[in-house]
J.: 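Provided herewith is a single structure, encoded as structure tokens, for subsequent inquiry.
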Amino acid sequence: MRILILDLDTLRPDHLGCYDYHRDTSPNIDRIARQGVRFNNYYCSDAPCLPSRSALITGQFGIRTGVVNHGGLASDPRREGSKRGFRQALQSHSLWGFLRSQGFHTASISPFAERHSAWWFLAGLNESLNPGKGGMESAEEITPFAMDWLDRNASADNWVLYVNYWDPHTPYRAPAEFGNPFAGDPLPDWLTPELLEYHRSLPGGHSCREVNMWDAAAPPHYPRHMGEIETLADWRRMIDGYDCGIRYMDEHIGRILDHLDSKGVLEDTAVIVTADHGEDLGELDCYGEHGVSDYITHRIPMIVRWPGLQQGHVDDELHYNLDLCPTLADVFGAAPRPQWQGRSYARTLTDGEPAGHPYLVLSQCSHGVMRSVRFGPWQYMRVIHDFYHLYPREMLFNVDEDPHEVVNLAEQRPEICAEACRYMLEWYEDLMKQNPDDVDPLWTVIREGGPFHARGALPAYIERLQATGRGEHVDELKRRHPYEF
């Protein structure tokens, strides 16, 4: 048995052909999807990068591990304390540790552990190959590591190779010589000139006037990446830059698949395609970032092509990324680790049967501080720190009808908001009862002065708002965030 895991940073599924995108961004990912199971409603429990991969690797929510932020106390796992043995428990209950217990040789090609000082990510790996640029790698710098590893190991049995590409992540980095295969393609039609003009009047981190988070600086070495969105032509540059990153990465994925085929092992290799989080491309006035707890940020692709299991199947049930650990345990006929908090969807892979959750609770504490609930057609968001966007405390979107979150229905549908709050409270109480001595790390983030990417930014940002004609928002920002002065 061989398993290839492709973790494609910042990849939103609705920009893939197999998820009905109108641009041809992903022919190689699409062929994997045709041969396996595609999950339409798959979400990272905790966003963005560091909390998401913590959930994936540990099989636990951020409220349990403590990892919900990109800095401060809530960016490191909780200590095991007096019960810690000669080795940490993560050695055996991590995704990698479990796969090793099933007889697999585990290898990773990723800069992630170094990028976030997330050394726990390596627990259970036999090999870790670090390309060395801390997430600034382009695909042509990742693929040679994969090719070399496969040259040495492809014909062996019982291996897992995890390959982590970063090309859809900002700054959009497809080489200039790659060109723009989407220059003549239509844009998504949800962003109108009127909506963009309204966005330009608003404050907020990674807004259309501060794509660089708090200013409009554009990185000179990455011409595809924007500093400010003034017109729909600028937005086209952003969308094209993101889509070119996907297509460029997809071509490199094709090289890996072809290499496996040349070794005669592709048909017998399971392939899993997923991501850590999505990417807002204007939704909620967040441009080129993953800074809110919304449908776009949390929804990720999940495609599983597994020899002998379902082919060409599409699943619409609700799933977390932390469900992967118990799912693999079921597939291998092994007992799940007691620490895992996900739900297996193995019967979807084996028989096409539904195996989802009735609702999901999702968290973001690195840019803003928010929790959301995904259920039915709804995405409900509860905002505690607004990333200086002045979002209302409650937001509600019918994502079946409004996937780009243009119309907030919270005031019109209070009964739906109440239902979401009941789900959120139920989730919270159930998890906190499991470990009553723990503190919800969301409040640790607030006590430390706010989420890492916003902490300390407001005084200088207020000066920019006043200088760019948006000073009318200053009093409300000061009212909401008095502790930041």
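In what follows, residues are counted from 1 in the order of the sequence shown. Note: hydrogens, waters and symmetry copies are ignored here, and every other heavy atom, side chains too, is used.
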J.: Just by distance, no angles: are the side chains of E210 and Y461 close enough, under 3.5 Å, to form a donor-acceptor pair?
T.: yes

J.: From L191 CG over to I229 CD1, what is the distance, rounded to the nearest 0.5 angstrom?
T.: 9.5 Å

J.: Return yes when atom CG of D189 has more than 12 non-hydrogen atoms of other residues, nucleotides or ligands closer than 6.0 Å, and no otherwise.
T.: no

J.: Any donor-acceptor pair under 3.5 Å linking the side chain of D402 with the backbone of V406?
T.: yes

J.: Does R393 CZ have over 12 foreign heavy atoms under 6.0 Å away?
T.: no

J.: Would you please say whether a donor-acceptor pair under 3.5 Å links the side chains of Q339 and T58?
T.: no

J.: Is there any side chain to side chain donor-acceptor pair (under 3.5 Å) pair reaching into residues 67-79, and which pairs are they, with sequence neighbours excluded?
T.: H70-H453

J.: Say you draw a straight line from OG of S45 to CG of N321; how long is it, rounded to the nearest 0.5 Å?
T.: 5.0 Å

J.: Is there a donor in the side chain of R382 and an acceptor in the side chain of Y380, or the other way round, less than 3.5 Å apart?
T.: yes

J.: Suppose the criterion is side chain to side chain donor-acceptor pair (under 3.5 Å): which pairs have a residue in residues 356-366, not counting sequence neighbours?
T.: D323-H357, Y359-E426, S363-R371

J.: Is the shortest heavy-atom distance from the side chain of L11 to the side chain of L16 under 4.5 Å?
T.: yes

J.: What about the rings of Y172 and H169, do their centers lie closer together than 6.0 Å?
T.: no

J.: Strictly by modelled atom types, are Y198 and E194 linked by a side-chain donor-acceptor pair under 3.5 Å?
T.: no

J.: Please name the pair of heavy atoms, one in A355 and one in E317, separated by the smallest distance, quoted to 0.1 Å.
T.: N-CG, 4.0 Å

J.: Please confirm whether the ring centroid of Y295 lies under 6.0 Å from the ring centroid of F397.
T.: no

J.: Any cation-pi pair here, R53 with W166, using under 6.0 Å and within 45°?
T.: yes

J.: Is it the case that the side chain of N41 and the backbone of D316 share a donor-acceptor pair, with hydrogens and angles ignored and the cut-off at 3.5 Å?
T.: yes

J.: Please tell me whether S207 and H199 have a donor and an acceptor in their side chains that are separated by less than 3.5 angstrom.
T.: no

J.: Strictly distance-based, threshold 3.5 Å: is any side-chain N or O of E289 a donor or acceptor partner for the main-chain N or O of M213?
T.: no

J.: Using a 6.0 Å distance limit plus a 45 degree cone around the ring axis, check whether R374 lies over the aromatic ring of Y43.
T.: no

J.: Testing the basics here: between A47 and P51, what is the closest heavy-atom pair and its distance to 0.1 Å?
T.: O-CG, 3.9 Å

J.: Determine whether the side chains of T297 and D294 contain a donor N or O and an acceptor N or O closer than 3.5 Å.
T.: yes

J.: Taking atom types as modelled, is there a side-chain donor on Y21 or H15 under 3.5 Å from an acceptor on the other?
T.: yes

J.: Are a donor atom and an acceptor atom from the side chains of R347 and T350 found within less than 3.5 Å of each other?
T.: no

